[in-house]
Amino acid sequence: MVPPPPGEESQTVVLPPGWQSYLSPQGRRYYVNTTTNETTWERPSSSPGIPASPGTHRSSLPPTVNGYHASGTPAHPPETAHMSVRKSTVDSQNLGSSSPGRKHSKENTLTINCVTFPHPDTMPEQQLLKPTEWSYCDYFWADKKDPQGNGTVAGFELLLQKQLKGKQMQKEMSEFIRERIKIEEEYAKNLAKLSQSSLAAQEEGSLGEAWAQVKKSLADEAEVHLKFSAKLHSEVEKPLMNFRENFKKDMKKCDHHIADLRKQLASRFAAVEKARKALTERQRDLEMKTQQLEIKLSNKTEEDIKKARRKSTQAGDDLMRCVDLYNQAQSKWFEEMVTTTLELERLEVERVEMIRQHLCQYTQLRHETDMFNQSTVEPVDQLLRKVDPAKDRELWVREHKTGNIRPVDMEI
C-alpha cells in the first residue's frame, strides 16, 4: 500500500491556528506548535472540552533537512527493519539460505554518530520543521568538518559551542562594565579632591565668585559620577552576571541530557550491529551444515541442521529486539533533539534581548549623566556672564583707597 503524504491529515482535519503535523522516524504522526514550540503525539483540538485524537501510524518518511531526514531515521524504518529480519530468519530455515541482505541499504544510507540517515543522493529534499526561520531544529542534524583538524564536530556540539561562546561574551561584557565603573569611581574621587584645592582661592570680585563656583561644580560633578557608577553596578553589571549564571546552568542541563541520549543511542546501535553479525554467523553455519547434508559428510548433519536453524531463528529474534530498542532510542533522541534545539534557540534569543536591554539602559544612564553634568556648569556660566572688571575695580578701590589728594609742584 502506498503511504499517504505527510500533509494528508491536515487536509482532512483542520488543526488549530499555529499547529503543524509531521511524522516521526517510525511513521507516527506528531504535532508542533510553531508559536510555543510545544510538541505532542495527540492531535490538538480547537474546541474546548473535546479530547484530542491520538496520531495515527504512518509508513511515510519524516521531514528532512538539506537532504537528510531531520528525525535521523535508521537504516530501515521499523516496519521495514522487522520485515527484513523476519525474511532473513525465514530464509535461514530454507536450504541454501544466505546472509541477511543489507547491501542495498548501505548504498542508500549513511551513518553519523551511530544514527542512520538516508543518503542525500537518494532522498528528495523535504519540508523543514520551521521553514523561512533558519531555526536550529532544521540545520544541525549532520556533522561538520573541523576547520582546525581532520575530525568532525556534531551539529548539536556546534550549537553548544555557540551557547558557551555567548556565555563567554556576556562575561566579558560584564567585566567591561566593571572596568567602566572603576574609571567612574576613580574619576569622581579625583574631582572631589580637586574641588577642595586652595589654588587661586584669593581671587576677588565677581571673577572670584565665578572661580569658586567652578570648584564647587567639580564637587557636584563628582557626585553625579558616583551615582552613575552605582547605577551601572545595580542596573547593568549585576543583571549581566546573574543572568550569565542561570544561563550556564541551563546549558549544563541541556548538555548532559543530550549526551546521555547519544550514549544510549550509540549503545543500541552497537547492540544492533552485534546482533546482525551474530545472525550472519548463524546463517553461515546453517548454510555450511546444509551443504554437508547434500554431500552426506556426516550422519549427524540433519540434527545439526535443526539445531543451527533454531539458533538462526533465535539470532533473528534477537536482532528484531535490538532493532526495536534502537528505534525507540532514536525516536526519543529525535524528539529531544527537536525540543532541545528549540530551547537553545529560545535561550539565545533571550540572552541577546537581555543584553540589548541592559546596553540600552547603559546609554540611557550616560545621557542622564551628561545632562546632570551640564547642570553643574550652568551656575558657572551665569556668574561668568556677570563678571564686570570696572565694577570689580570700583569695589576694590573703595575698600583699599589711601587718599585722593594729588601732590603739587614746589615754588622757590
Side-chain angles (χ1 to χ4, degrees), residues 165-248 347-402:
K165 181 180 178 181
K167 182 194 71 174
Q168 179 64 25
M169 294 302 99
Q170 188 170 326
K171 177 182 178 182
E172 293 179 7
M173 289 179 186
S174 179
E175 293 174 351
F176 177 90
I177 298 298
R178 188 182 305 117
E179 291 299 319
R180 183 74 169 89
I181 292 173
K182 291 180 180 179
I183 293 174
E184 287 296 322
E185 292 174 344
E186 187 66 23
Y187 183 54
K189 180 180 177 181
N190 291 334
L191 286 178
K193 181 179 179 180
L194 184 59
S195 69
Q196 301 298 323
S197 173
S198 61
L199 296 175
Q202 297 181 359
E203 180 63 50
E204 299 176 342
S206 58
L207 182 60
E209 293 178 4
W211 175 247
Q213 186 61 42
V214 167
K215 293 197 293 184
K216 183 179 183 301
S217 69
L218 293 182
D220 296 338
E221 186 178 356
E223 184 178 355
V224 169
H225 284 277
L226 279 178
K227 291 181 178 179
F228 176 50
S229 65
K231 287 186 176 181
L232 279 181
H233 173 70
S234 62
E235 300 180 18
V236 181
E237 181 200 7
K238 190 174 180 180
L240 281 176
M241 289 297 295
N242 292 340
F243 185 86
R244 184 180 65 83
E245 291 302 320
N246 296 333
F247 186 73
K248 182 178 180 180
L347 290 173
E348 176 65 8
V349 171
E350 182 180 352
R351 183 188 73 88
V352 172
E353 180 60 24
M354 185 277 301
I355 293 177
R356 186 193 69 82
Q357 291 178 0
H358 286 90
L359 291 181
C360 287
Q361 180 65 14
Y362 168 79
T363 59
Q364 178 64 27
L365 291 174
R366 276 293 312 274
H367 291 315
E368 292 177 0
T369 302
D370 293 341
M371 181 181 65
F372 291 144
N373 282 336
Q374 182 65 29
S375 67
T376 63
V377 297
E378 289 177 357
V380 178
D381 291 336
Q382 295 174 1
L383 289 176
L384 289 175
R385 285 193 292 268
K386 295 179 180 179
V387 171
D388 186 349
K391 185 68 174 176
D392 290 348
R393 184 175 64 253
E394 177 185 349
L395 293 175
W396 187 86
V397 169
R398 286 178 179 275
E399 181 180 355
H400 297 89
K401 65 182 180 178
T402 59

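Note that these values count all heavy atoms, side chains included, but never hydrogens, waters or copies made by symmetry. The chain is numbered in sequence order, starting from 1.
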- Ignoring hydrogens and geometry, is there a side-chain-to-backbone donor-acceptor pair from W211 to A200 under 3.5 Å? yes
CE of M354 to CG of L347, rounded to nearest 0.5 Å, is 11.5 Å
When rounded to the nearest 0.5 Å, the distance separating NE2 of H233 from CD1 of I181 is 6.5 Å
Correct closest heavy-atom pair for A222 and A192 would be CB-N, 3.8 Å
For Q170 and E175: C-alpha separation, side-chain torsions, deciding distance, then whether side-chain contact (heavy atoms from CB on, under 4.5 Å) applies. CA-CA 9 Å; Q170 188 170 326; E175 293 174 351; over 6 Å; no
In this structure, CZ of R366 is separated from CG of N373 (nearest 0.5 Å) by 9.5 Å
Heavy-atom nearest pair, S229 first then E184, reads CB-CB, 3.8 Å
Quick one, Q382 with E378, criterion side chain to side chain donor-acceptor pair (under 3.5 Å). Give me CA distance, side-chain angles, the key distance, then yes/no.
CA-CA 6 Å; Q382 295 174 1; E378 289 177 357; 5.6 Å; no
Nearest heavy-atom approach of P239 to S234 is CD-O, 3.4 Å
Using only atom types and a distance under 3.5 Å, with no angle test, would you say the side chain of E221 pairs donor to acceptor with the backbone of T376?
no
Could you tell me whether a side-chain N or O of R351 sits under 3.5 Å from a main-chain N or O of G166, the two making a donor and an acceptor? yes
Closest heavy-atom pair, K215 versus S197, reported as atoms and distance to 0.1 Å, is NZ-O, 2.9 Å
Legend entry - Verdict with reasoning, E172 to Q168, per side chain to side chain donor-acceptor pair (under 3.5 Å): CA-CA 6 Å; E172 293 179 7; Q168 179 64 25; 3.2 Å; yes
To the nearest 0.5 Å, atom CZ of R180 lies from atom CD1 of I177 at 8.5 Å
*Taking 4.0 angstrom as the limit, do D381 and R385 come out as a salt bridge?*
no
Is it the case that more than 12 heavy atoms not belonging to E353 sit under 6.0 Å from its CD atom? yes
(Q) Show, in sequence, the C-alpha distance, side-chain angles and deciding distance for K182 and E186, and conclude whether the salt bridge (charged side-chain N to carboxylate O under 4.0 Å, His left out) test is met. (A) CA-CA 6 Å; K182 291 180 180 179; E186 187 66 23; over 6 Å; no
Let's go through L365 and E368 carefully: what are the C-alpha distance in whole Å and the side-chain angles of both, what is the deciding distance for side-chain contact (heavy atoms from CB on, under 4.5 Å) to 0.1 Å, and is it a yes or a no? CA-CA 5 Å; L365 291 174; E368 292 177 0; 3.8 Å; yes
Rounded to the nearest 0.5 angstrom, the CG-OG distance for D392 and S206 is 3.5 Å
Exercise. List the steps and the verdict of side-chain contact (heavy atoms from CB on, under 4.5 Å) for M173 and I355.
Key: CA-CA 9 Å; M173 289 179 186; I355 293 177; 3.5 Å; yes
Heavy-atom nearest pair, L383 first then E209, reads CD1-O, 3.6 Å
Rounded to the nearest 0.5 Å, the NZ atom of K189 sits from the CG atom of L194 at a distance of 14.0 Å
On the 0 to 90° scale, with breaks at 30° and 60°, tag the F228-Y362 ring pair as parallel, tilted or perpendicular. tilted
- Item | Stepwise side-chain contact (heavy atoms from CB on, under 4.5 Å) check, R398 with E394 | CA-CA 6 Å; R398 286 178 179 275; E394 177 185 349; 3.2 Å; yes
